Amino acid sequence: MIQPIIEQGVIDRLQRLINGVKNIVITCHLSPDGDAIGSSLALCHVLRRLGKDAIVVTPDMIPRSLLFLPDVKAIVTYTQNESRARKVIETAQLIFCLDFNALHRIDKLSPMVMGNSCPKVLIDHHTEPENVFDVMISFPEASSTCELIFRVLMQLQLLRLIDRWAAQCLLTGMMTDTGNFSYNCEDPELYEIQASLMRRKVNRQWLYNMAMNTFSADCLRLQGYALDQKMKIYDRQRVALITLDADELKRYNYKRGDTEGLVNKPLAIPGVDWVVFMREDAECIKVSCRSVGDFAVNDICAKYFNGGGHVNAAGGDFYGTLQQAVKLFEQILDELFPTNLTQTDNLTNNEIIQ
Ligand code: 5GP
Ligand code: MN
């Protein structure tokens, strides 16, 4: 039994908002992932089946790994078609904001979205959402925004409109945001939702292979190189650091999305509880962090890297060189794990004799 977790008053309000409009825009965060695109496409599809003029607008390009999703070509991407993105946002009567908690996460779309006085609905699972939305459906404990879209549709009594097509999009986001149900995956209701989606004839094996297990040879070689040559393990602090500079990325013909999943790999080592991955992008050093247990990497990203995220998966940006970013990382280690010289177990025998 899938329990209703959203307050009925919120659902009633959302219902009234949807009933009263025709033009609906759905938007999601920069560098969209499977959850952002999956939730946006699924909601868009259901709203169209309800007779609405719904359209998805993204701030930037959709990664290659998601181009297999149905109707992905109908998405308006701001960086490719600025005037169309501006026009549909300006004429929207209702805007859904999916899979992000703060307006800067939609980059250049933010002033357009806020410039339209129409109601804005947030559906998201990141912590501390900004208080700028008219309806807030924010559940940081949820596995994914796709899970939340299913729950919203269930409470709106619209499950009948989730067809095979929409189910495929929702399952993609649930799979990608949980590493194919390997983390954030303890809620038994997730499997009830999955079963409900599977009954709509989704080909799960195909979906997994398309969304999570398709890599170019260059991409596999780059990841192999990163793990073999560029992974540094700090035993005492139980952390692994991987860095890739622009030359290295060029050598492996790097395309966006090619390092997706790399940051999770060192967590497989028993002595590693958290991982930091730094990649030199055109404008900044992109920082990506993962952890296990209650080591909060979102706090580190918020404090040092202009970012944020979830307790066990977070990211941010560093403005400076890769060397400076690594230096900052090592300063953070000194701050978090100071060496206590009064403890002899931190000293080698040699040092104690001297
Ligand atoms: P990834 O490491 O896959 O890029 O991001 C993991 C999670 O960290 C994302 O789901 C998102 O919640 C968060 N995140 C990544 N980059 C940023 C960023 O620049 N700013 C903020 N606030 N969160 C980020
Ligand atoms: Mn998500």
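Start at 1 and go down the list; that is how both ligands and their atoms are numbered. The structure displayed is predicted, hence computed values, not measured ones. Numbers for residues simply follow the sequence, beginning at 1.
- The aromatic rings of Phe329 and Tyr234 lie perpendicular to each other, with more than 60° between the two planes, well past the 30° mark.
- When the side-chain contact (heavy atoms from CB on, under 4.5 Å) test is applied to Ala325, the partners found at least two apart in sequence or on another chain are Met278, Ile285, Phe318.
- Of the possible donor and acceptor atoms, none in the side chain of Thr259 sits under 3.5 Å from a partner among the backbone N and O of Leu262.
- Looking at Asp245, its side chain does come within 3.5 Å of a backbone N or O of Glu248 through a donor-acceptor pair.
- Rounded to the nearest 0.5 angstrom, His29 NE2 and His126 NE2 are separated by 6.0 Å.
- Panel note: side chain Asp273, backbone Arg238; no donor-acceptor pair is recorded below 3.5 Å.
- At a threshold of 4.0 Å, the pair Arg279-Asp281 counts as salt-bridged, since one of the basic side-chain nitrogens sits closer than that to a carboxylate oxygen.
- In this structure, the separation between CD on Glu147 and CE on Met174 is 5.5 Å, given to the nearest 0.5 Å.
- Inspection of the environment of the Mn ion (ligand 2) yields the following protein N, O or S atoms under 2.8 Å: Asp35 OD2, Asp99 OD1, His125 NE2, Asp177 OD2.
- Applying the salt bridge (charged side-chain N to carboxylate O under 4.0 Å, His left out) test to residues at least two apart or on different chains, the pairs with a partner in residues 302-320 are Lys286-Asp317, Lys303-Glu335.
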Note down each nitrogen or oxygen pair, ligand 1 side and protein side, whose separation is under 3.5 Å; give only atom names and the distance to 0.1 Å.
| from | atom 1 | to | atom 2 | distance (Å) |
| --- | --- | --- | --- | --- |
| ligand 1 | 2 (O) | Ser288 | OG | 2.3 |
| ligand 1 | 2 (O) | Arg290 | NH1 | 2.9 |
| ligand 1 | 2 (O) | Arg290 | NH2 | 3.3 |
| ligand 1 | 3 (O) | Arg290 | NH2 | 2.9 |
| ligand 1 | 8 (O) | Gly315 | N | 3.2 |
| ligand 1 | 12 (O) | His126 | NE2 | 2.8 |
| ligand 1 | 16 (N) | Lys286 | NZ | 3.0 |
| ligand 1 | 19 (O) | Lys286 | NZ | 3.2 |
| ligand 1 | 22 (N) | Gly308 | N | 3.3 |
| ligand 1 | 23 (N) | Gly308 | O | 3.2 |

